[in-house]
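Note: hydrogens, waters and symmetry copies are ignored here, and every other heavy atom, side chains too, is used.
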Number of protein chains: 2
Amino acid sequence: MSDAVAPAGYDPSAYPPFAVTSDIVVLTIRGGELSVLLVERGNEPYAGCWALPGGFVDIDEPGEETARRELVEETGLEISSFHLEQLRTYSAPQRDPRMRVVSTAYLAFLPDLPAPVAGDDAARARFFAVRDIEAGEVTLAFDHDQILADAVERARSKIEYTTLAAAFVEKPFTLGDLRRVYECVWGTRLHPSNFARKVLSTPGFVRSLDVRGASQFEGGRVGALYETGDATVLHPAILRPTADEEDER
Amino acid sequence: MSDAVAPAGYDPSAYPPFAVTSDIVVLTIRGGELSVLLVERGNEPYAGCWALPGGFVDIDEPGEETARRELVEETGLEISSFHLEQLRTYSAPQRDPRMRVVSTAYLAFLPDLPAPVAGDDAARARFFAVRDIEAGEVTLAFDHDQILADAVERARSKIEYTTLAAAFVEKPFTLGDLRRVYECVWGTRLHPSNFARKVLSTPGFVRSLDVRGASQFEGGRVGALYETGDATVLHPAILRPTADEEDER
DNA sequence: GGCATGATGCTCAATGTGAGTATGAAGGAG
DNA sequence: CTCCTTCATACTCACATTGAGCATCATGCC
């Protein structure tokens, strides 16, 4: 941004050849597991490997728009609107063996999509459980393991102090559905009663629909239905249980 | 990052001409005011305007290193080590009238520097009170007003749940010094006793030097001296007073 | 009709926080 | 030298929030 020693006047071809890309980390809850959308690479390098969806930023296109566009192009997903935020930018000189690629990663939260994810550009696209990737069962192309780790940490942290957990569930949801989001993202169990008390005492977190209906989940008594409220931040936050013991379902 | 429709094979000059830069937001506390380091631009556009230090990323240089290098080059500051973190990336197509510039902003926290800031590349460099810039008394070049606003919000938020406030004070400091950091960054007053109770009850926030000594501030009884501890996160956080009334000193 | 599962309500104790009050220690003004 | 201002620091109390346990109710399944 400074005017100090520009590499070379205004001749574009004389600038260092940077490629600028956007990658997108799409997180959702599928089958009780925090999951991420990956595409299979068709070309070298890392051909056949799984990677985050992404692509080159057009010269007159905002990076965020690139992320939205690539998500549709590579996966066929057509979602009207969803939460998308910038995660961070990865620019280590050797992160792509071909050339210097500066990539800005974006993070999206989606409710579970019944729509089958169909590849378009990319060979294949599907959701993977984050747990399996963290366990090393799948290794991602480039530095995408790191990007995913940063994204998951951002998600785990962000649902603490914002109402973004609601972005993982579809409109009519029960408090149990919402609680399961926290449990899946954090990998812990929460006390149902205390959770409900907390959510309901936070103005604007959820709005009651004054109806009872089937949960998005299985068995048990059906709970009251809610929709997302106006609030965006939680004050005070819902803190993750301190990592003493974290047992799973 | 995807291999989908690369603009053009591997011929660098055929890629869209992106410029990649790093900008750095250096925050410190000077004279009881949260302050930011700015440099005066010598060239068009925005010649004569104040802007954040920054410059072009070398083709084989990590963006964070660019930030450190430019800070030294443009201001003559020679600091051994300081906290530096990535803020976010700004890539709106028209943010620089000359060409498409993608800029990653970094955020640095420094203690008050007695060293006079001497320009090198840039015409001049000096600290400005953030309060004055927020009040509109100074308008920055490009989208640097937005970058600064994001940086200040990040700082205000980050000292809530990390021990980073200690990065604003030099090694032997009193609890009053540390409290003043919070007060300057948040623009509020804190209850001295409650603040001390909180800091001392957080394991690893500060370590007592078992000495009493002059505060880095003026008058009053001298307090006990402390140094930074090992902890990096605060659990639970120190929450900003809810913005009911915020009166200043 | 039993039973498992989950929703909801209620209570209690522990913890953390905001606020007020009191006292000690240092420097400056008169 | 003494009053006065400015902090540092200690103590107390009320109150809000939270974690945990228990009790009850509603559903679907055998």
Side-chain angles (χ1 to χ4, degrees), chain A residues 32 160-161 169 172-184 186 188-203 205-206 208-226 234-247 249, chain B residues 32 160-161 169 172-184 186 188-203 205-206 208-226 234-247 249:
Chain A
E160 285 190 319
Y161 60 94
V169 290
F173 56 88
T174 67
L175 293 184
D177 295 327
L178 190 57
R179 179 170 47 80
R180 252 164 245 117
V181 169
Y182 280 90
E183 293 180 339
C184 291
W186 286 343
T188 59
R189 307 304 301 259
L190 297 179
H191 187 123
S193 180
N194 290 346
F195 178 80
R197 177 179 61 185
K198 172 69 181 178
V199 170
L200 294 179
S201 73
T202 301
F205 194 164
V206 297
S208 171
L209 296 175
D210 290 316
V211 207
R212 306 186 74 80
S215 155
Q216 289 170 20
F217 234 56
E218 77 286 346
R221 171 182 175 182
V222 297
L225 292 180
Y226 296 85
L234 261 43
H235 211 76
I238 304 178
L239 294 180
R240 279 177 269 194
T242 48
D244 296 332
E245 5 94 76
E246 296 185 6
D247 50 327
R249 83 213 77 267
Chain B
E160 284 190 319
Y161 60 95
V169 290
F173 57 88
T174 67
L175 293 184
D177 294 326
L178 191 57
R179 180 170 47 81
R180 250 163 248 119
V181 169
Y182 279 90
E183 293 180 338
C184 292
W186 285 344
T188 59
R189 307 305 300 258
L190 297 179
H191 187 124
S193 182
N194 290 346
F195 179 80
R197 176 180 63 185
K198 172 70 181 177
V199 170
L200 295 178
S201 72
T202 300
F205 195 167
V206 298
S208 171
L209 296 175
D210 290 315
V211 207
R212 305 187 74 80
S215 154
Q216 289 170 22
F217 234 56
E218 77 287 346
R221 172 182 174 184
V222 297
L225 292 179
Y226 296 85
L234 261 42
H235 211 75
I238 304 178
L239 293 180
R240 280 177 267 192
T242 48
D244 296 331
E245 3 96 75
E246 297 184 5
D247 49 327
R249 81 214 76 266

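Between the NE2 atom of B:H191 and the P atom of C:dT17 there is a distance of 13 Å, given to the nearest Å. The nearest whole Å value for the distance from the CG atom in A:L225 to the P atom in C:dA7 is 12 Å. Rounded to an integer number of Å, the gap from B:N194 CG to D:dA8 P is 14 Å. To the nearest angstrom, C1' of C:dT21 lies 14 Å from CZ of B:R197. Straight-line distance from the CG atom of B:D177 to the P atom of D:dC7: 12 Å, rounded to whole Å. If you measure from atom CG of B:L200 to atom P of D:dC11, you get 13 Å, rounded to the nearest angstrom. When rounded to the nearest whole Å, the span between CZ of B:R179 and P of D:dA8 equals 5 Å. Between the C1' atom of C:dC10 and the CZ atom of A:F195 lies a distance of 19 Å, rounded to the nearest Å.
Without hydrogens or angle criteria, A:R212 side chain to A:V222 main chain gives a donor-acceptor distance under 3.5 Å. Within the 3.5 Å criterion, the main-chain N or O of B:L175 finds no donor-acceptor partner in the side chain of B:R179.
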I'd like a list of close polar pairs between nucleotides 26-30 of chain D and the protein, N/O only, cut-off under 3.5 Å.
residue, atom, partner, partner atom, Å
D:dA26, O4', A:R221, NE, 3.2

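Looking at heavy atoms from C-beta onward, A:E160 lies in side-chain contact with A:W186 at the 4.5 angstrom threshold. Two residues are said to be in side-chain contact when any heavy atoms from C-beta on lie closer than 4.5 Å; B:P236 and B:K198 meet this criterion. Looking at heavy atoms from C-beta onward, B:F195 lies in side-chain contact with B:L178 at the 4.5 angstrom threshold. Using a 4.5 Å heavy-atom threshold, the side chains of B:L200 and B:Y226 count as touching.
Nearest-nucleotide assignment on DNA chain C puts the 5′-proximal partner with A:S193, out of B:K198 and A:S193. When the nearest nucleotides of DNA chain D are assigned to A:S201 and B:A224 by heavy-atom distance, the more 5′-ward of the two goes with B:A224.
In this structure A:Y161 satisfies the ring pair (Phe, Tyr, Trp, His ring centres under 6.0 Å) test with no other residue, sequence neighbours excluded.
Contact between the side-chain N/O atoms of B:R180 and the OP1/OP2 oxygens of D:dA8 is found at a separation under 4.0 Å.
Of the listed nucleotides (D:dT9, D:dA20, C:dG18), D:dT9 has the atom at the smallest distance from the side chain of B:P192.
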